[in-house]
Every structure is written in C-alpha cells, then in structure tokens.
Amino acid sequence: MAESQIPAYNPAEIEKKWQARWEADGLYHSDVDPQRPKHYALTMLPYPSGDLHIGHWFAMTPSDARARYMRMNGYNVMFPMGFDAFGLPAENAAIKKNVHPKEWTYRNINRMRDQLKSMGAMFDWRREAVSADPKYYRWTQWFFVQLYQHGLAYHKLSPVDWCPTCNTTLAREQVWGDDRHCERCGTPVIKKNLDQWFFRTTRYADELLSYEGINWPERVRVLQTNWIGRSEGAVVKFHTEQGDELEVFTTRPDTLWGVTFMVLAPEHPLVKKITSAEQKAAVEQYVAEAVRQTDVQREATDKEKTGVFTGGYAVNPVSGERIPIWTADYVLMTYGTGAIMAVPAHDQRDFEFARRFGLEVRVVIQPEDMEALDGANLTESVPAHGKMVNSGPMSGTPGAEAFEQVLKYLEANGMGKRAVNYRLRDWLISRQRYWGAPIPMVHCEKCGVVPVPEEQLPVMLPDDVEWRPTGESPLKLHPTWRLTTCPQCGGAAERDTDTMDTFMCSSWYHLRYLSPDYDQGPFDPKEYDYWMPVDTYTGGIEHANMHLIYTRFFHKALRDMGIAHGDEPMLQLRNQGMVLGEDSEKMSKSRGNVVAPDDLVQAYGADALRAYLIFFSRWDQGGPWSSSGIDGTFRWLRRVWAMVVEPVGKDGFVDESAVRVLRRKVHQTLRRVTHDYEHFEFNTIVSSLMELSNEMARLKPATYGSPAWGEAVDIYLRMLSPVTPHIAEELWAYLGKSYSIHTQSWPAVDMEAVQEDEITVVVQVNGKVRGRVTLAADASEEAVKAAALENEGVVKFLEGKTPRQIIVVPKKLINIVV
RNA sequence: GCCGGAGUGGCGGAAUUGGCAGACGCGCACGACUCAAAAUCGUGUACCUUCGGGUAUGUGGGUUCGAUUCCCACCUUCGGCACCA
C-alpha cells in the first residue's frame with residue numbers, strides 16, 4: 001500500500017473539524033428525559049479574570065472525562081458551564097486599565113468561552129449562566145428578599161472586617177491567616193463599625209455539621225466542622241452587686257465553685273456601669289487602648305495577659321461568694337456572651353492571668369490519677385476532668401458525671417441552663433463596591449427598611465457610575481440612582497447602596513443552569529425536579545469554608561422556604577489539587593510563571609494536553625507543572641494513531657495464543673480503567689491505556705485482521721474517547737464506525753477473557769524471592785507446592801533443611817519458612 | 001498549641017484486600033535510520049557487590065511467615081484553626 005494513503009496525525013485539523021461538527025449537531029445538549037436516569041455533573045464555574053489558566057484545564061478535564069464516561073454508561077448527563085462574573089478583581093483590573101467593569105468582564109467572558117471550547121469538553125452551552133446578567137441577578141435579588149421575608153436576612157450596626165485595599169467589608173470566611181488578611185488581595189483587614197446586612201447562617205450551624213446522605217471528602221468535612229466549631233456547655237447567670245444580670249458561657253460548669261474572678265471584654269456594655277470611681281481612669285485608659293489595637297495584636301496568643309480591675313463585684317450564684325470583676329482583652333466580645341467566669345486552677349488562660357495579677361487559684365477538680373492538688377503551688381492549670389472537690393453540695397461528684405450533675409443542679413435552681421456555642425458567625429453580605437448585584441432594599445424614613453417588590457426586580461445596576469473606590473459605595477455617589485419611592489407608602493425613599501457578596505451569586509448558580517432564560521422564577525421546576533440534586537461536584541478545596549458552606553446554607557434555607565427540596569444540593573464532592581508553576585510556586589502573573597494553555601494547544605493539540613493534564617499527577621494532589629512531559633502523551637497519541645491506521649502487510653495468519661493474550665490484556669485494562677473512573681483515579685487511566693497500546697503494538701503482527709484485533713481497537717477507542725475526544729472520534733470514523741463515538745456505550749468486561757490460563761507464582765524462602773514457577777491456572781495447591789520445592793533457585797536456599805511452614809497465597813505467592 | 005494530609009529512583013508518579021517495590025511517562029545514556037541534524041524506532045537506566053548476593057519506600061521500634069500498606073514514638077513538610085471560655 002502506498003504510504004501517501006495513510007493519513008498523518010494532525011490534531012489542529014481534526015480538533016477544529018470535530019468541534020464544529022459536535023456543535024452543529026448539538027451532540028452535548030442535555031434535555032429532560034424521564035425515561036433515562038440523569039446525572040448532573042458540575043464543575044466550579046470560573047471567574048472571568050481574562051485568560052483561562054492551566055489550572056482551569058487541570059480542574060475541568062477530568063470532570064469532563066468522567067461526565068463522558070457516565071454518559072457512555074447510559075446516563076442522561078448534564079454538564080453545564082457559566083461565569084461568576086461579578087466581583088472585586090473585575091473592578092480593580094478595570095480601574096487599572098480604565099475600562100468599564102462590564103465591558104472588561106464581557107470581553108473576558110467571550111475570550112474564555114472560546115478557550116473553553118478549544119478543550120473539546122461536553123459543556124452544554126445552551127445552559128450557560130452569567131451572574132452579572134440582569135436576568136440572572138434579578139433572581140439573586142429575589143432570593144435576598146425571600147431570605148429577608150423569612151427572617152434569614154437582617155441588618156445591624158456592628159464591628160466588621162474591612163479591607164483597606166479593596167475598600168469593602170468582608171465576611172469572616174474571607175479573612176485568612178495569622179495576620180488576618182483579605183482572601184483576595186492579601187492586605188490585613190481592619191475593624192469598622194458599619195450597618196451591614198447578614199444572613200443567619202448560624203441558624204443552620206447544627207444541620208451543617210451533619211453530612212448525612214452526602215459523599216464528601218473527609219478533609220472537607222473536617223474543615224467545615226472545625227470552622228463551625230460547636231462547643232457544648234452552659235450559660236450561667238451571675239449578678240453584679242448593682243443587680244444587673246451577668247451571663248457567662250462555659251464548657252466547664254463542673255468548675256463553677258472554683259471561680260475566683262470574672263472577666264468582661266473591654267467592649268462589654270456593663271464595663272462602664274460597674275467600674276468604681278477609683279478604677280475609672282485606669283479602666284477607661286485600658287478600654288481605649290484595647291479598642292485601638294488591631295485584632296492581630298490583640299489576639300496574639302504569645303503575648304502576656306493584660307487587664308484592669310473594674311472595682312466592681314459579682315455574686316457567684318452557687319456559692320453566694322463575692323467575685324471581683326476585671327476587664328481584659330483576652331475575652332472577646334464576639335464569642336459567647338463577651339464575659340467569662342475565670343477558673344484559674346483549671347483553665348490555662350485564667351491561670352496566667354491570675355498569676356500575673358496575684359489572684360487566688362482554687363482547686364475544685366481532683367483527677368483520680370494525680371496527687372492532691374494545691375492551688376498555691378500549681379505551675380500550670382489542670383484542665384483534666386476529675387472528681388469535684390471544694391464544691392459545696394456537689395463535692396465528691398465523679399468526673400464522668402460532673403458535667404451533667406452540675407447542669408441539673410443549675411437548671412433545678414434557675415441559675416443557668418444547657419447551651420451550645422458556635423465559632424461560626426452570620427454571613428456578612430454587604431459590599432461597598434460597584435460591580436455586584438444591588439441589595440434590593442429601600443430605606444424609608446416612615447416605613448423603615450422595605451424590600452423592593454418582586455415585580456420591580458431586578459434593581460438594575462446603573463452603567464454611568466464613578467466606580468473608582470472611595471470607601472463609600474459607588475452607588476451612593478450616583479446623582480439619582482439611590483433616589484426612589486417607598487414601595488409601601490409611596491413617599492420619598494433611598495435605595496440600599498451596597499451590593500452583595502459574590503458568594504451569594506455562586507450559591508445558586510447550579511440552579512440557574514437548569515433554565516438560564518426562565519423568567520417565571522429562579523428556575524423551571526420541571527428542570528429542577530428532573531436534574532437536582534447535583535450528582536458530582538468538582539472543584540478546589542480552598543472553598544471548603546466559603547462557597548461550600550454558603551451553598552449548603554443557601555440550599556437548606558430554600559428548602560425551608562419551600563423553594564427547593566432535599567437536604568443537600570450536592571451529593572458527591574471531589575476536590576482537585578492545585579497546579580503550581582515550574583518553580584513550584586503558585587502561578588501568578590507577577591511571578592511570571594504562568595503556563596498558557598493556548599500555546600500548548602497550538603503546539604500539541606487539545607487531546608495531548610488533556611491527556612497530559614490527566615496523566616501528570618494525581619488529580620487530588622496537583623503539583624508543579626512541567627511542560628516537557630507533554631511530549632510523552634503526544635508521542636503516545638501518535639503511536640495510537642499509527643496502531644489504528646497503519647495496516648500490517650501479511651497474509652492473514654493469526655496466532656491463536658496471541659489472540660488469547662490480546663483479549664486478556666484488553667479486558668483486564670477495561671476492568672482497571674472502569675474501576676479508576678468510578679474512583680476518580682484519573683492518572684492511572686492514561687497509564688493503563690499506554691500500557692495496553694504498547695502491548696497491542698507488540699501483538700499486532702500476530703493478531704491483525706482477526707476479530708480479536710477488531711474488538712481490541714473498538715474497545716480501545718471507546719476507553720480513549722473520554723480522555724481525548726477528538727482523536728477517538730477521528731479514528732472511529734476512519735474505521736467506518738457510526739457517528740458518534742461519544743454516543744456509544746461503555747464496553748462490558750468479558751470475565752472469561754480476563755482469566756489467566758497460566759499463572760506465575762513467586763516463591764520466597766524466608767520472605768525473600770528465590771524463584772518463580774509457572775503452572776496452569778487450575779493447578780492444585782499441592783502441585784504448586786511441589787513445583788516450588790523443586791525450583792532450582794529455591795533448592796539452593798533450602799540447603800536440605802526441612803521447611804517449618806509453607807504459606808500459600810493462591811495464584812500469587814508461596815513463602816517457605818525454614 | 002490543636003486538627004487534618006503528605007514523605008517511594010535524577011523528576012512526575014504506580015503498587016485494587018498485608019504478598020514480586022519502582023507500572024506508565026519524563027529525563028538521561030547507548031544503538032539503528034540519516035551526508036548531517038531533528039523526528040522516529042530499539043536497548044538500558046535505585047544503590048552497593050568479592051557477582052554468591054546484599055541493601056533500599058522520611059527515622060527508630062513493634063506486630064507478622066511476609067509491611068510502602070497495620071500499631072507506637074519521632075523528624076520533615078503542606079493546609080486549616082487558634083486567648084472561642
């Protein structure tokens with residue numbers, strides 16, 4: 001055959017060709033079909049920052065491959081894509097380049113959509129949703145109003161985290177690290193007192209701690225559990241000598257008789273009232289200093305305890321004792337009640353404070369395995385549980401019962417009750433920036449806060465705004481936008497000029513994909529009933545305590561408002577790792593280590609890049625990028641190409657034993673690859689396919705032209721198609737098989753073909769490999785033993801000794817112990 | 001300090017239930033093809049060795065006939081939380 005008739009592998013040509021054909025045919029459209037089982041595969045939507053990053057491809061390619069795999073397994077798969085288009089970076093970049101954020105964002109979206117298409121993923125672009133689109137944020141606003149009407153949104157004046165670079169407030173989740181910096185720009189935050197909108201995430205704290213019915217990684221569950229930070233204890237009611245109630249939260253009610261002082265946070269409202277005339281100056285100075293400090297300075301755990309005696313006293317409800325009240329900055333106004341009962345003998349922080357200021361340390365817990373404790377001699381606190389001592393009527397209560405017994409005592413005497421505290425805070429929603437969904441609320445002097453009626457939504461974000469940040473909301477500076485009439489009384493009123501945190505937009509994007517053009521509600525219930533919940537959700541772990549908590553909260557709130565069903569929005573979650581630059585640093589423009597996927601597509605084709613992204617590291621781990629490795633997957637695809645298109649010039653002789661070997665390898669690989677798709681172990685899918693193509697190339701001369709060879713190529717291309725969809729489609733067509741390979745079914749493993757007819761058993765002597773024997777697969781244990789004992793290499797090491805023990809692992813290994 | 005990952009050749013990684021450590025690929029070396037180079041193909045590639053073998057999965061112990069895998073202690077490293085009462 002003339003060589004010119006064999007086509008060469010030309011990825012640029014075939015990728016473009018098939019992408020156009022698939023799009024024209026609507027091959028990846030997903031429609032409701034009650035006859036078929038559905039699978040909603042979702043990958044976290046990108047932020048349109050300008051350029052698609054190799055990290056996006058790393059995240060999305062395996063998700064795409066798995067969505068394709070599920071489709072081949074008979075599922076009606078929906079795999080949508082969209083853009084998280086509101087947010088700070090758009091604005092910051094727009095400021096730098098002096099283009100309108102809207103223009104900048106939509107330009108980027110258009111560019112990124114093309115880039116996404118070049119990877120040949122099975123996205124159903126008819127379902128694309130863009131959060132900055134009025135027909136999208138109309139419903140973001142509608143949800144806000146719903147939450148408000150159901151008591152889940154409220155506003156209050158409170159000290160909040162403010163990023164001085166981004167010029168806006170941030171939610172607690174968006175402040176990271178030891179230095180409490182802004183999650184987006186890295187600037188340390190400061191505190192500001194502002195009137196802000198919050199969502200009541202804390203109302204769902206307990207439910208968010210339950211992961212029943214969802215298959216999420218242990219790691220994410222642990223992160224969320226720690227973040228929510230549930231602790232069980234009691235609220236105990238003390239009184240000041242002036243008669244004011246002073247409640248404290250404690251996890252150790254069993255130490256109540258050991259309280260020797262109390263501490264109020266400097267911001268606590270009672271500080272002023274209880275401070276005595278003599279202490280007034282000192283207290284005022286201390287409070288002023290504490291307030292001036294940043295959280296970082298104040299909450300540094302290594303600094304020495306500071307504080308001031310207020311001159312005031314409280315009464316211990318259980319003992320009637322008179323307890324001095326101090327104020328100190330190690331007590332936080334934001335946790336519990338902002339006041340604590342201090343038990344220095346059994347709490348290290350209280351202990352340090354007591355030693356510093358010469359306060360009494362009184363032992364009230366005696367752990368069974370410790371010598372008798374004496375408060376005066378302790379060098380550190382004893383937080384261990386144990387028998388209660390010096391505790392009035394409760395003395396002698398064993399450690400195991402102490403907590404419950406004291407609670408019973410408190411409740412019986414009206415002195416306190418069981419209580420649970422969470423570290424989780426309500427979600428701060430207001431942002432003082434332009435590029436976001438306006439908060440659909442009107443402030444009326446007569447009627448107070450009034451939501452914008454549904455028929456007036458969306459509250460449109462105006463285009464003609466000075467969006468350079470000033471620290472004030474840009475919408476506030478617009479000459480007319482904020483002026484409106486009160487929906488309730490018709491009088492003059494003002495709009496809320498803040499916009500919403502973009503995590504609000506992304507809390508429900510998976511619902512907008514269901515019906516992005518629907519205008520009777522946020523989503524079409526028919527689509528919802530069929531597709532929801534999301535079956536497989538993939539994305540980065542960095543969202544564990546932000547997006548992934550918000551979206552769970554959001555779903556549960558919708559459920560309770562009767563808008564959604566089910567307890568969880570996403571059944572199965574899997575996280576990919578992060579791709580680093582070749583210098584092992586995080587990829588960033590400023591470091592100059594960003595790898596541009598477009599260049600790689602141009603040089604090697606999308607298929608080789610897809611295969612390399614899947615192959616080069618564990619998906620859940622990520623790691624430093626190395627462009628040289630892509631040569632390997634490119635060569636492999638070229639070998640696969642040659643394996644399929646290059647004929648073997650021979651006279652039809654087929655070696656039957658080679659056929660058996662071929663079929664065995666094909667079906668063993670199929671079994672392995674199927675397993676790996678099910679378990680999100682993507683890199684070994686490619687290595688198994690490489691191994692198989694190596695073996696097939698070796699067996700090709702002896703099997704070419706046989707039905708087994710045809711079967712091998714057929715199965716090979718099917719297994720290949722989710723990883724490298726274009727070359728698989730091209731070769732499928734080359735062989736004259738019916739279009740499209742992507743609508744074919746996943747092949748079934750032939751269990752008979754998988755069976756080995758000969759087995760090689762490793763023979764060990766004292767745990768060391770000394771030989772191996774090959775026998776028929778059905779050889780008896782006795783026969784295997786006999787063969788092993790006769791093996792040349794083995795005999796040498798037995799040195800005539802009698803085996804003490806022979807361990808047989810069927811079909812694998814024999815260990816002879818002498 | 002607390003919680004959770006991870007440590008395997010020059011590199012990325014593999015080893016499905018406690019059973020042949022290093023699959024697959026990169027890189028490197030040598031060879032074939034070529035006037036030559038590239039590309040491609042082939043062979044080799046943990047360490048030591050007296051060529052019998054011995055040693056190797058962060059370190060040290062343990063369980064076991066047998067441990068990358070299980071247990072204990074420690075080291076390194078990454079991530080999260082941190083005066084949360």
Side-chain angles (χ1 to χ4, degrees), chain A residues 176-178 217-227 229-231 233 248-252 255 262-263 265 298-303 305 328-332 334-343 346-350 352-353 421-424 541-542 544-545 577-578 611-612 615-618 620-621 623-633 635-636 638-639 642 671-672 675-676 679 681 683-694 697 760-772 796-797 803-818:
Chain A
W176 286 15
D178 289 347
E218 165 83 13
R219 204 164 145 220
V220 174
R221 301 200 315 256
V222 166
L223 282 172
Q224 294 199 344
T225 301
N226 290 345
W227 184 261
R230 182 191 156 98
S231 51
V248 297
F249 174 73
T250 177
T251 54
R252 292 297 300 274
T255 64
M262 297 183 81
V263 186
R298 201 171 140 174
E299 291 172 20
T301 49
D302 49 358
K303 75 166 194 190
K305 297 270 179 296
D329 63 7
Y330 80 92
V331 173
L332 309 176
T334 47
Y335 186 80
T337 62
I340 62 155
M341 55 178 233
V343 186
H346 305 293
D347 180 285
Q348 187 59 22
R349 296 153 302 182
D350 299 343
E352 285 166 21
F353 194 83
N421 247 291
Y422 302 92
R423 223 182 59 90
L424 182 76
I541 193 143
E542 67 274 16
N545 289 340
M578 206 198 292
Y612 182 59
F615 176 69
F616 98 98
S617 94
R618 290 178 56 125
D620 57 356
Q621 230 169 258
W625 178 260
S626 156
S627 285
S628 69
I630 196 172
D631 287 312
T633 52
R635 282 178 207 148
W636 165 58
R638 205 155 45 187
R639 287 197 301 272
R671 185 171 58 179
R672 167 85 204 242
H675 170 273
D676 289 350
H679 293 86
E681 291 163 13
N683 55 339
T684 45
I685 290 172
V686 173
S687 56
S688 299
L689 288 173
M690 285 175 168
E691 217 176 302
L692 176 57
S693 59
N694 290 345
T760 298
V761 174
V762 170
V763 187
Q764 297 182 332
V765 178
N766 287 340
K768 290 197 170 126
V769 181
R770 298 302 183 188
R772 49 200 74 204
K796 205 159 62 179
F797 283 90
R804 200 146 46 88
Q805 194 185 354
I806 300 178
I807 286 131
V808 180
V809 182
K811 298 185 188 222
K812 271 191 182 159
L813 176 140
I814 286 192
N815 190 10
I816 303 164
V817 187
V818 293

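Chain letters run A, B, ... following the sequence lines, proteins first, then strands; residues in each count from 1.
Nearest-nucleotide positions on RNA chain B for A/Asn694 and A/Val762 put A/Val762 closer to the 5' end. Between A/Arg219 and A/Ile814, the residue whose closest nucleotide on RNA chain B is further toward the 5' end is A/Arg219.
The partner of B/G12 is B/C24, judged by Watson-Crick or G-U wobble contacts that both fall below 3.5 Å. The nucleotide B/G1 finds its pairing partner in B/C81, both defining distances of the Watson-Crick or G-U wobble pair being shorter than 3.5 Å. Under the Watson-Crick and G-U wobble criteria, each requiring two contacts below 3.5 Å, nucleotide B/C70 is paired to B/G62. If you check B/A38 for Watson-Crick or wobble pairing at under 3.5 angstrom, you find it has no partner at all. When both pairing distances are held under 3.5 Å, B/A29 makes a Watson-Crick or G-U pair with B/U43. In this entry B/U76 has B/A6 as its Watson-Crick or G-U wobble partner, both defining distances falling under 3.5 Å.
Taking 4.0 angstrom as the limit, A/Asn683 places none of its side-chain polar atoms (N or O) nearer than this to OP1 or OP2 of B/C24. OP1 or OP2 of B/G54 lies within a sub-4.0 Å distance of a side-chain N or O belonging to A/Arg770. At the phosphate of B/U40, OP1 or OP2 sits under 4.0 Å from a side-chain N or O atom of A/Arg638. Considering only side-chain N and O atoms, A/Thr337 lies nowhere under 4.0 angstrom from the phosphate OP1 or OP2 of B/A85. One finds a side-chain N or O of A/Arg639 lying less than 4.0 angstrom from the OP1 or OP2 phosphate oxygen of B/G25.
Across B/U57 and B/A6, the matching C1' atoms stand 13 Å from one another, rounded to whole Å. A distance of about 23 Å separates the P atoms of B/G31 and B/G25, rounded to the whole Å.
Side-chain atoms of A/Thr250 and A/Ile340, non-hydrogen and from C-beta on, never get closer than 4.5 Å to each other.
Note that OG1 of A/Thr225 and CZ of A/Arg423 are 11.5 Å apart. Values are rounded to the nearest 0.5 Å. Annotation: the span from A/Arg219 atom CZ to A/Ile541 atom CD1 amounts to 3.5 Å, rounded to 0.5 Å. To the nearest 0.5 Å, atom CG of residue A/Leu692 and atom OG of residue A/Ser687 are 11.5 Å apart.
Within 4.0 Å (heavy atoms only), A/Gln621 reaches sugar-phosphate atoms of the nucleic acid but no base atom. Backbone-only engagement by A/Val817 is indicated by non-hydrogen atom pairs under 4.0 Å involving sugar-phosphate atoms exclusively. Residue contacts shown for A/Thr684 are limited to sugar-phosphate atoms, with no base heavy atom under 4.0 Å away.
The backbone N or O of A/Ala544 sits less than 3.5 Å from a side-chain atom of A/Gln224, completing a donor-acceptor pair. In terms of modelled atom types and a separation under 3.5 Å, the side chain of A/Asn815 and the main chain of A/Gly767 share a donor-acceptor contact. Of the possible polar contacts, none joining the A/Asn766 side chain to the A/Val817 backbone as a donor-acceptor pair under 3.5 Å is found.
Here the nucleotide nearest the side chain of A/Arg635, chosen from B/C26, B/A23, B/G4, is B/C26. Counting only heavy atoms from C-beta on, A/Ser617 has its side chain closest to B/G13 among B/A15, B/G13, B/A85. Residue A/Asn815 places its side chain closer to B/G19 than to any other of B/G25, B/A39, B/G19. If you check B/G66, B/A15, B/C83 against the side chain of A/Tyr330, the one that comes closest is B/C83. In this structure, the nucleotide among B/C65, B/U40, B/C24 sitting nearest to the side chain of A/Phe615 is B/C24. The side chain of A/Asp329 sits closest to B/C83 out of B/C83, B/G13, B/G19. Across B/C24, B/A85, B/C81, the shortest atom-to-atom separation from the side chain of A/Arg423 is found for B/C81. The side chain of A/Ser628 approaches B/C26 more closely than any other nucleotide in the set B/G19, B/C26, B/A14. Considering only the side chain of A/Arg672, B/U16 comes nearest among B/C81, B/G19, B/U16. Nearest to the side chain of A/Phe616, among B/A15, B/G13, B/G12, sits B/G12.
Judged by distance alone with a 3.5 Å cut-off, no donor-acceptor contact links the side chain of A/Lys812 to the base of B/C20.
Residues A/Trp625 and A/Tyr612 bring their aromatic ring centres within 6.0 Å.
If you take CZ of A/Arg221 and P of B/G4, they are 13 Å apart, rounded to a whole angstrom. The distance between atom CH2 of A/Trp176 and atom P of B/A82, rounded to the nearest whole Å, is 13 Å. Rounded to a whole Å, the CE atom of A/Met341 is 20 Å from the P atom of B/C83. Nucleotide B/G66 holds its P atom 16 Å from the CD1 atom of A/Ile806, rounded to whole Å. The distance from atom CG of A/Asp620 to atom P of B/C78 is 19 Å, rounded to the nearest whole Å. Computed from coordinates, the A/Ile807 CD1 to B/G19 P distance equals 14 Å when rounded to whole Å. Whole-Å rounding puts the A/Glu218 CD to B/G5 P distance at 7 Å.
B/G52 takes the syn form, because its glycosidic angle lies no more than 90° either side of 0. In this structure B/G9 sits in the syn conformation; its chi angle is within 90° of 0.
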